[in-house]
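Letters A, B, ... are given to chains in the order of the sequence lines, protein chains preceding strands, and every chain is numbered from 1. Atom set for the values below is all heavy atoms of this structure, side chains included, hydrogens, waters and symmetry mates excluded.
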Amino acid sequence: MRPERYNFREAEPKWQQVWRERDTFKTQEADARQKYYVLEMFPYPSGRIHMGHVRNYTMGDVVARYKRARGFNVLHPMGWDAFGMPAENAAMQSKTHPAKWTYDNIDTMRAQLKSMGLSLDWSREFATCDASYYKHQQALFLDFLAAGLVARKQSRVNWDPVDQTVLANEQVIDGRGWRSGAPVEQRELTQWFFTITKYADDLLAALDTLDRWPEKVRLMQANWIGRSEGLLVRFALANDGKRTNANEIHVYTTRPDTLFGAKFMAISPEHPLARELAHYDKGLADFIADCERRGTSEAAVEMGEKRGYDTSLRAVHPFDSNWTLPVYVANFVLMEYGTGAIFGCPAHDQRDLDFANKYGLGNIPVVCPLDVEPEKFVITDTAYDGPGRMINSRFLDGLTIEEAKEEVARRLEAQTLGNAPQGERKVNYRLRDWGISRQRYWGCPIPVVHCDKCGTLPVPKDQLPVTLPEDVTFDRPGNPLDHHPTWKLVACPACGGPATRETDTMDTFVDSSWYFARFTDPWNADAPITPPVANRWLPVDQYIGGIEHAILHLLYSRFFTRGLRDTGHVDLAEPFAGLFTQGMVVHETYRSGSGAWLSPAEVDVQADASSRRAFAKVDGAPVEIGAIEKMSKSRRNTVDPDDIIQSFGADTARWFMLSDSPPERDVIWMEEGVQGAARLVQRLWRVVGDLKNAALGGNGAAGEPTEGARVVRKASHSALIKVEQDFERLHFNLAVAHIRELTNALTDALDEVETGDIAADLCAAFREAADILVQLFAPMMPHLAEECWADLGHASLVAEAPWPVADRTLVIESMISLPVQVNGRKRADLVIERDADQAAIEAATLALDPVQRALAGKAPKKIIVVPQRIVNVVA
RNA sequence: GCGGACGUGGCGGAACAGGUAGACGCAAGGGACUUAAAAUCCCUCGACCUUCAAGUCGUGCGGGUUCGAGUCCCGCCGUCCGCACCA
């Protein structure tokens with residue numbers, strides 16, 4: 001007996017169990033069908049899943065289920081990005097061991113994900129904190145080390161004072177740690193780096209091949225890599241060498257054309273020459289100290305005033321030995337970029353102009369706009385950086401900027417200073433090497449040993465994994481591995497003498513830089529990756545995750561995959577062929593009269609024709625409705641996925657997640673919207689039942705084809721065509737709309753018939769429509785779909801059913817309706833034979849009343865007929 | 001400052017490649033069924049004018065191209081995002 005209402009509380013666990021028992025989503029290696037690898041960015045096990053996870057994994061699941069139906073051998077795995085600071089914070093606060101905290105969270109979140117009915121192959125699950133995972137990561141590190149992709153070097157690094165660890169440049173957002181939010185300090189430390197800069201050019205160039213990535217992400221990566229072409233110029237110092245051993249300053253410039261506009265030289269306060277001079281010059285030492293005190297982050301934020309200190313050194317102009325330039329130490333010159341030294345051309349660089357004006361250095365315009373007379377071209381407060389012709393530049397005069405750049409490069413390459421060319425063309429990058437050392441416990445230990453005699457040595461592979469000690473304490477700041485009494489004491493692998501382990505652990509972004517490859521064969525105990533298997537599955541065909549990883553994780557993974565290729569683990573460079581970045585889940589915020597944030601569960605919202613008001617559930621007091629913001633604990637505008645699934649079911653939650661906004665944009669979570677989705681679940685259940693009954697209620701006589709059957713079949717198949725296209729393009733919101741359109745059309749068709757007296761072909765059309773409808777929504781609402789599918793009498797699962805084949809001939813009408821415009825304004829619809837010729841269409845158009853009215857007796861000048869589209873009468 | 005995206009009803013959003021603007025939904029208003037509620041169903045829903053029929057205006061603003069512009073071009077305004085003293 002078919003119940004009137006669909007009971008998700010019974011159906012959802014039931015079908016989840018059926019899928020599990022039948023291993024429906026377990027990927028078989030021995031499967032000749034074309035592969036399709038769909039992956040969502042795996043979660044950090046923070047405690048409970050949030051709505052962002054629901055959105056992310058629902059999208060991936062729709063793709064996985066759709067592709068499975070389309071006949072692909074789909075790989076859709078799940079795991080845990082399980083190392084990281086929060087576990088240590090929890091350990092410090094609640095005396096729980098990070099491992100226990102993490103694995104408990106994983107258990108909770110796994111159960112939550114399972115309640116969503118995701119079509120995942122759980123047999124491949126792993127956590128990056130499993131020794132069986134990080135063991136292989138250590139092996140990869142050693143391979144990278146051997147291949148020259150790892151460097152240990154001293155440098156200025158970003159130090160997060162809250163998390164007590166170093167951060168990579170990519171992990172500093174607006175001068176603050178990406179996780180702690182604390183202002184980052186600079187420290188000089190010896191650290192491990194992946195030499196990502198070795199691939200800078202390739203990482204940039206290959207962005208062009210990623211045609212299934214969002215343009216925005218490719219652009220962000222290109223900007224981050226920051227390639228520029230310029231000239232390295234060596235300036236001789238004119239001094240007698242009394243105060244310094246240096247006799248040259250090296251400058252990187254992208255504007256060698258402006259060399260005759262030079263008015264000064266400036267070096268960074270961190271420049272070795274500045275440091276050296278400071279030994280003899282108290283004023284300079286104070287100046288440098290002052291620059292340091294103000295710090296990079298503060299300076300970056302307030303765009304501080306440009307300040308300099310005249311060293312009284314002079315640098316010789318490369319094209320005129322009698323022309324010398326003052327050498328300043330200036331706070332706006334960055335040691336990290338280029339050579340840490342510049343020549344200042346005030347006329348054509350705003351920063352240089354500000355500086356020159358402040359210190360009275362003057363300026364020489366050397367590029368004159370084409371519409372200005374050179375004699376009248378004067379620069380005062382605004383530098384000119386547009387196009388023009390060279391002036392005041394001796395042999396460059398009259399040339400374009402590009403010609404002048406080339407001429408200067410050519411001459412300086414030919415000219416020598418000392419024994420070497422004075423100029424050298426150079427490509428420069430903004431990208432810097434990826435610092436992976438973290439002074440934390442809960443991460444993958446870096447498998448090296450420091451020996452006083454033998455230096456820094458890799459741990460032999462047969463001694464892997466270097467496991468984390470379990471008996472650690474978190475009672476004081478700093479790295480618990482450092483504090484451990486015995487863990488770091490080890491025999492040197494070379495001489496056998498006393499040595500110490502490296503106590504830094506790897507950045508957790510290393511863990512997530514190859515997990516997608518491990519998923520292809522997570523059972524291999526001997527090697528991180530099984531090349532033939534990985535090469536068969538990779539690249540990931542569709543990767544889905546948040547835009548916040550546009551640079552971080554996605555750039556690191558692209559680098560790491562190149563490293564894997566160059567160390568023989570895989571055959572490809574680009575791990576993700578298709579990338580989709582989904583928007584956030586946002587929600588209204590609510591504040592009580594006292595200014596306290598209220599959660600959506602504590603508020604009643606009422607609306608009438610003109611306004612929307614909220615009241616506190618507890619006392620009915622009015623509540624202010626605030627801005628719509630990203631769900632966050634601090635604003636209390638979160639909704640718990642468990643509650644939603646409990647109250648409405650997983651299918652409803654999944655459907656609403658996909659229905660309201662385009663997937664790349666933020667979606668506003670609204671109680672009313674969820675109700676609407678829940679209503680649809682019941683409506684679909686009813687409609688499928690009605691279609692089934694109507695199909696059984698025929699009058700039995702096979703006769704002439706009926707118009708009703710034609711209409712129903714057309715609706716089903718055109719919906720099928722549209723939804724197919726929507727899924728292919730990940731336009732889930734449109735798929736939702738098109739499924740609802742079909743539902744409306746089928747409801748209308750059912751309203752027009754009397755059960756028991758339905759033509760045989762219409763019965764068949766209803767029966768077919770029921771199957772198609774269920775299959776269309778199955779990827780989004782899989783439990784309801786299975787329930788309907790079984791109710792329709794199928795013995796198999798809809799999750800295993802092949803996608804229906806659309807009959808495109810059904811969509812073509814013999815009569816079509818053309819919109820008719822007069823002077824571009826729509827006046828009428830013309831219903832005419834599909835293949836009517838121009839003359840027939842023109843005649844029929846002019847015969848229409850609204851057209852006659854609009855023409856008001858005038859003769860039309862021209863009639864434009866766009867076949868199958870539109871008619872426009874020009875009066 | 002540089003780079004990019006976007007701007008459509010009360011709201012979220014449709015409109016493939018210049019061709020019927022507002023699909024689909026949410027909210028709202030009116031009605032049916034019911035003792036009542038829930039559930040369900042029907043009608044209205046860009047603005048103006050209007051009994052109807054019809055008409056006028058309308059995709060941030062101002063121009064332009066075109067038979068025809070939400071879509072293309074030029075110039076503004078606004079919002080959001082990324083980078084930010086990058087030589």
Is it true that the side chains of [X] and [Y] contain a donor and an acceptor less than 3.5 Å apart?
| X | Y | answer |
| --- | --- | --- |
| Tyr337(A) | Ser268(A) | no |
| Glu629(A) | Asn637(A) | no |
| Arg558(A) | Gln221(A) | yes |

Detail all sub-3.5 Å separations between protein N/O atoms and N/O atoms belonging to nucleotides 64-66 of chain B.
none

> Are any non-hydrogen side-chain atoms of Leu579(A) and Arg212(A) less than 4.5 angstrom apart?
Replying inline: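 Not touching, per the 4.5 Å side-chain cut-off.
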> Any side-chain heavy-atom pair from Ile625(A) and Glu588(A) closer than 4.5 angstrom?
Replying inline: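 In contact.
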Out of [options], which nucleotide sits closest to the side chain of [X]?
| X | options | answer |
| --- | --- | --- |
| Met220(A) | rG82(B), rA14(B), rC81(B) | rG82(B) |
| Arg853(A) | rG13(B), rU56(B), rA54(B) | rA54(B) |
| Arg430(A) | rC83(B), rA27(B), rG12(B) | rC83(B) |
| Arg351(A) | rG68(B), rC86(B), rC26(B) | rC86(B) |

Which pairs, protein N/O on one side and nucleotides 20-23 of chain B N/O on the other, fall under 3.5 Å?
| unit_1 | atom_1 | unit_2 | atom_2 | d |
| --- | --- | --- | --- | --- |
| rU20(B) | O2 | Lys826(A) | NZ | 2.8 |
| rA23(B) | O2' | Glu741(A) | OE2 | 2.3 |

> Between Trp224(A) and Arg430(A), is there a cation-pi geometry (under 6.0 Å to ring centre, at most 45° from the normal)?
Replying inline: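 Cation-pi check for Arg430(A) and Trp224(A): passes.
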Nearest-Å distance once atom [atom1] is located in both [N] and [M]:
| N | M | atom1 | result |
| --- | --- | --- | --- |
| rA14(B) | rC67(B) | C1' | 26 Å |
| rC42(B) | rG25(B) | P | 11 Å |
| rA15(B) | rC6(B) | P | 13 Å |
| rC49(B) | rG58(B) | C1' | 15 Å |
| rC57(B) | rU51(B) | C1' | 23 Å |

> Hey, what's the ring geometry for Phe264(A) with Phe355(A), parallel, tilted or perpendicular (30° and 60° as the breaks)?
Replying inline: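 Ring orientation, 0 to 90° scale: tilted.
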> In terms of base orientation, is rG9(B) syn or anti, with the syn window spanning 90° either side of 0?
Replying inline: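 The base of rG9(B) is oriented syn (glycosidic angle within 90° of 0).
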> Does the ring-ring contact (aromatic ring centres under 6.0 Å, His included) test come out yes or no for Trp655(A) and Phe777(A), once each step is laid out?
Replying inline: CA-CA 9 Å; Trp655(A) 180 264; Phe777(A) 69 73; 7.4 Å; no
> Which of these, Lys358(A), Arg351(A), Gln350(A), sits in a side chain to side chain donor-acceptor pair (under 3.5 Å) with Asp354(A)?
Replying inline: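 In the set Lys358(A), Arg351(A), Gln350(A), the residue that makes a side chain to side chain donor-acceptor pair (under 3.5 Å) with Asp354(A) is Gln350(A).
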> Of the options Tyr359(A), Tyr309(A), Phe343(A), Phe287(A), which is the one that meets Tyr328(A) in a ring-ring contact (aromatic ring centres under 6.0 Å, His included)?
Replying inline: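 Looking at Tyr359(A), Tyr309(A), Phe343(A), Phe287(A), the match for Tyr328(A) under the ring-ring contact (aromatic ring centres under 6.0 Å, His included) is Tyr359(A).
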> Is a donor-acceptor pair below 3.5 Å formed from side chain Lys306(A) to base rC85(B), judging by atom type as modelled?
Replying inline: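 Yes, a donor-acceptor pair under 3.5 Å.
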> Looking only at atom types and distance, does a side-chain atom of Asn363(A) sit under 3.5 Å from a main-chain N or O of Pro346(A), one as donor and one as acceptor?
Replying inline: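 No: the side chain of Asn363(A) does not pair with the backbone of Pro346(A).
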> Sub-3.5 Å donor-acceptor pair from the side chain of Glu248(A) to the main-chain atoms of Arg234(A), do we have one?
Replying inline: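 Looks like no, no N/O pair under 3.5 Å.
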> Got a sec, which residues hit salt bridge (charged side-chain N to carboxylate O under 4.0 Å, His left out) with Lys826(A), two or more places apart in sequence or on another chain?
Replying inline: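 Once residues adjacent in sequence are excluded, the partners of Lys826(A) under the salt bridge (charged side-chain N to carboxylate O under 4.0 Å, His left out) criterion are Asp829(A).
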> Tell me: NE2 of His549(A) to P of rG82(B), nearest whole Å?
Replying inline: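 Roughly 14 Å, once rounded to whole Å.
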> Which side-chain hydrogen bond (donor to acceptor under 3.5 Å, both in side chains) pairs, counting each pair once, include a residue from residues 727-736 of chain A, with sequence neighbours left out?
Replying inline: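 Output for this query lists Tyr66(A)-Glu728(A), Lys67(A)-Glu728(A).
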Can you check nucleotides 40-49 of chain B for protein contacts, nitrogen or oxygen pairs under 3.5 Å, and list what you find?
none

> Given pairs defined as Watson-Crick or G-U wobble with both distances under 3.5 Å, what dot-bracket annotation applies to RNA chain B, with ( ) intrastrand, [ ] crossing, | other strand and . unpaired?
Replying inline: (((((((..(((......[....))).(((((.......))))).(((......)))..(((((..]....))))))))))))....
